[in-house]
Amino acid sequence: QVQLVEFGGGLVQAGASRRLSCVFSGRTFTTYAMAWFRQAPGKERRLVAAISWNGGSTHYADSMDGRFTISRDNVNNTVWLQMNDLQPEDTAVYYCAARWGPIATRTYDYWGQGTQVTVSS
């Protein structure tokens with residue numbers, strides 16, 4: 001069974017950077033595409049970024065405006081989300097997700113517990 005554990009959330013000021021980490025265990029990491037989603041208060045959960053098994057393909061939601069970068073380390077079974085120039089509207093619970101097979105914008109099978117990122121103005 002796949003397990004995902006996120007780290008790195010917290011309270012930051014507007015304009016700051018933050019890096020989220022997600023550690024994958026339970027299956028062969030290199031057979032899974034990975035993604036980050038976020039859910040703001042009162043809103044539905046939405047894709048932030050996704051990455052293919054080898055990191056060769058990435059996808060970002062249009063609203064990220066080039067501020068976020070997804071990457072992965074297939075030796076240490078970790079995926080990261082580097083977030084720069086954070087704004088109050090980035091406040092949300094951020095979830096790591098995994099799906100067996102190719103990169104996709106939806107239909108992820110496994111989810112982490114989420115990590116809260118709060119951006120103060």
Side-chain angles (χ1 to χ4, degrees):
Q1 182 74 1
V2 171
Q3 292 186 323
L4 304 171
V5 180
E6 299 107 332
F7 301 94
L11 175 64
V12 299
Q13 291 191 333
S17 297
R18 195 83 170 185
R19 188 174 79 159
L20 304 181
S21 303
C22 172
V23 178
F24 174 105
S25 63
R27 289 290 186 271
T28 302
F29 187 52
T30 52
T31 60
Y32 285 80
M34 302 295 296
W36 288 95
F37 288 74
R38 71 183 185 185
Q39 187 168 20
K43 296 187 177 181
E44 63 182 21
R45 188 160 54 187
R46 293 189 172 186
L47 177 72
V48 174
I51 188 166
S52 61
W53 72 273
N54 64 351
S57 179
T58 57
H59 174 85
Y60 295 92
D62 291 341
S63 58
M64 295 302 106
D65 298 325
R67 297 180 295 121
F68 291 11
T69 302
I70 189 170
S71 59
R72 66 188 291 162
D73 176 355
N74 284 348
V75 173
N76 294 302
N77 291 3
T78 301
V79 60
W80 295 286
L81 183 68
Q82 177 66 42
M83 306 183 291
N84 297 328
D85 190 25
L86 284 162
Q87 299 300 315
E89 53 266 34
D90 295 316
T91 295
V93 178
Y94 285 73
Y95 296 91
C96 177
R99 72 184 302 270
W100 188 87
I103 187 174
T105 60
R106 60 184 65 191
T107 63
Y108 281 75
D109 304 308
Y110 301 98
W111 297 84
Q113 80 286 355
T115 186
Q116 175 72 47
V117 175
T118 302
V119 184
S120 63
S121 57

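Each residue takes its place number in the sequence, starting with 1.
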Indicate whether the side chain of Thr30 and that of Asn74 have a donor and an acceptor atom separated by less than 3.5 Å.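 Judged by distance alone, the side chains do not pair up.
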Can a side-chain donor-acceptor contact be found between Thr91 and Glu89 if the only test is distance below 3.5 angstrom?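 No - no donor-acceptor pair under 3.5 Å links their side chains.
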More than 12 heavy atoms of other residues, nucleotides or ligands under 6.0 Å from CD of Gln87: yes or no?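 Atom CD in Gln87 is packed in, count exceeds 12.
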Tell me whether Trp80 at atom CH2 has more than 12 heavy atoms from other residues, nucleotides or ligands lying less than 6.0 Å away.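 Yes, because the 6.0 Å sphere around CH2 of Trp80 holds more than 12 heavy atoms from other groups.
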Out of Arg45, Glu6, Arg38, which one pairs with Tyr94 under the side chain to side chain donor-acceptor pair (under 3.5 Å) rule?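 Going through the options one by one, the only one that passes is Arg38.
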Taking the six-membered ring for Trp, are Phe37 and Tyr95 closer than 6.0 Å centroid to centroid?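 Ring centroids of Phe37 and Tyr95 are no less than 6.0 Å from each other.
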Can you confirm if the aromatic rings of Tyr60 and Phe68 lie within a centre distance of less than 6.0 Å?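 That pair fails the under 6.0 Å test.
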In terms of hydrophobic clusters joined by side-chain contacts under 4.5 Å, are Phe29 and Leu4 together?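 Linked, Phe29 and Leu4 end up in one cluster.
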Given side-chain contact (heavy atoms from CB on, under 4.5 Å), test Leu20 with Thr115 step by step and report yes or no. CA-CA 8 Å; Leu20 304 181; Thr115 186; 4.1 Å; yes
Any non-hydrogen side-chain atom of [X] less than 4.5 Å from a side-chain atom of [Y]?
| X | Y | answer |
| --- | --- | --- |
| Val2 | Trp100 | no |
| Asp90 | Val117 | no |
| Leu81 | Thr69 | no |

Under 3.5 Å, which donor-acceptor pairs link side chains of residues 104-112 to any protein atom two or more places apart or in another chain?
{"unit_1": "Tyr108", "atom_1": "OH", "unit_2": "Ala104", "atom_2": "O", "d": "2.6"}
{"unit_1": "Trp111", "atom_1": "NE1", "unit_2": "Tyr108", "atom_2": "O", "d": "3.3"}

Using the side-chain contact (heavy atoms from CB on, under 4.5 Å) rule, take Val12 and Thr118 through it: C-alpha gap first, then chi angles, then the decisive distance, then the call. CA-CA 6 Å; Val12 299; Thr118 302; over 6 Å; no
Using modelled atom types only, decide if a donor and an acceptor are shared between the side chain of [X] and the backbone of [Y] within a distance under 3.5 Å.
| X | Y | value |
| --- | --- | --- |
| Ser17 | Asn84 | no |
| Arg67 | Met83 | no |
| Arg18 | Leu86 | no |

Scan for disulfide bond (SG atoms under 2.5 Å apart) pairs involving residues 14-63, sequence neighbours excluded, and state none if there are none.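 Output for this query lists Cys22-Cys96.
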Specify the closest pair of heavy atoms between [X] and [Y], including all atoms of both residues, with the distance to one decimal.
| X | Y | result |
| --- | --- | --- |
| Ala92 | Gln116 | O-NE2, 3.4 Å |
| Ser120 | Leu11 | CB-CD1, 4.3 Å |
| Val5 | Gln113 | CA-OE1, 3.9 Å |
| Ser121 | Pro88 | CB-CG, 3.8 Å |

For Trp53 and Tyr32, what are the C-alpha separation, side-chain angles and deciding distance, and is it a side-chain contact (heavy atoms from CB on, under 4.5 Å)? CA-CA 5 Å; Trp53 72 273; Tyr32 285 80; over 6 Å; no
For a side-chain contact (heavy atoms from CB on, under 4.5 Å) check, start with the C-alpha distance between Val23 and Phe7, then their side-chain angles and the critical distance, and finish with the verdict. CA-CA 8 Å; Val23 178; Phe7 301 94; 3.9 Å; yes
Hey, mind stepping through Thr78 and Asn76 against side-chain hydrogen bond (donor to acceptor under 3.5 Å, both in side chains) and telling me if it holds? CA-CA 5 Å; Thr78 301; Asn76 294 302; over 6 Å; no
Euclidean distance, Ser57 OG relative to Ile51 CD1, rounded to 0.5 Å: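 Nearest 0.5 Å value for the CD1-OG distance: 8.5 Å.
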Phe24 six-ring face occupied by Arg72 cation (under 6.0 Å, within 45°):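 No, Arg72 does not lie over the aromatic ring of Phe24.
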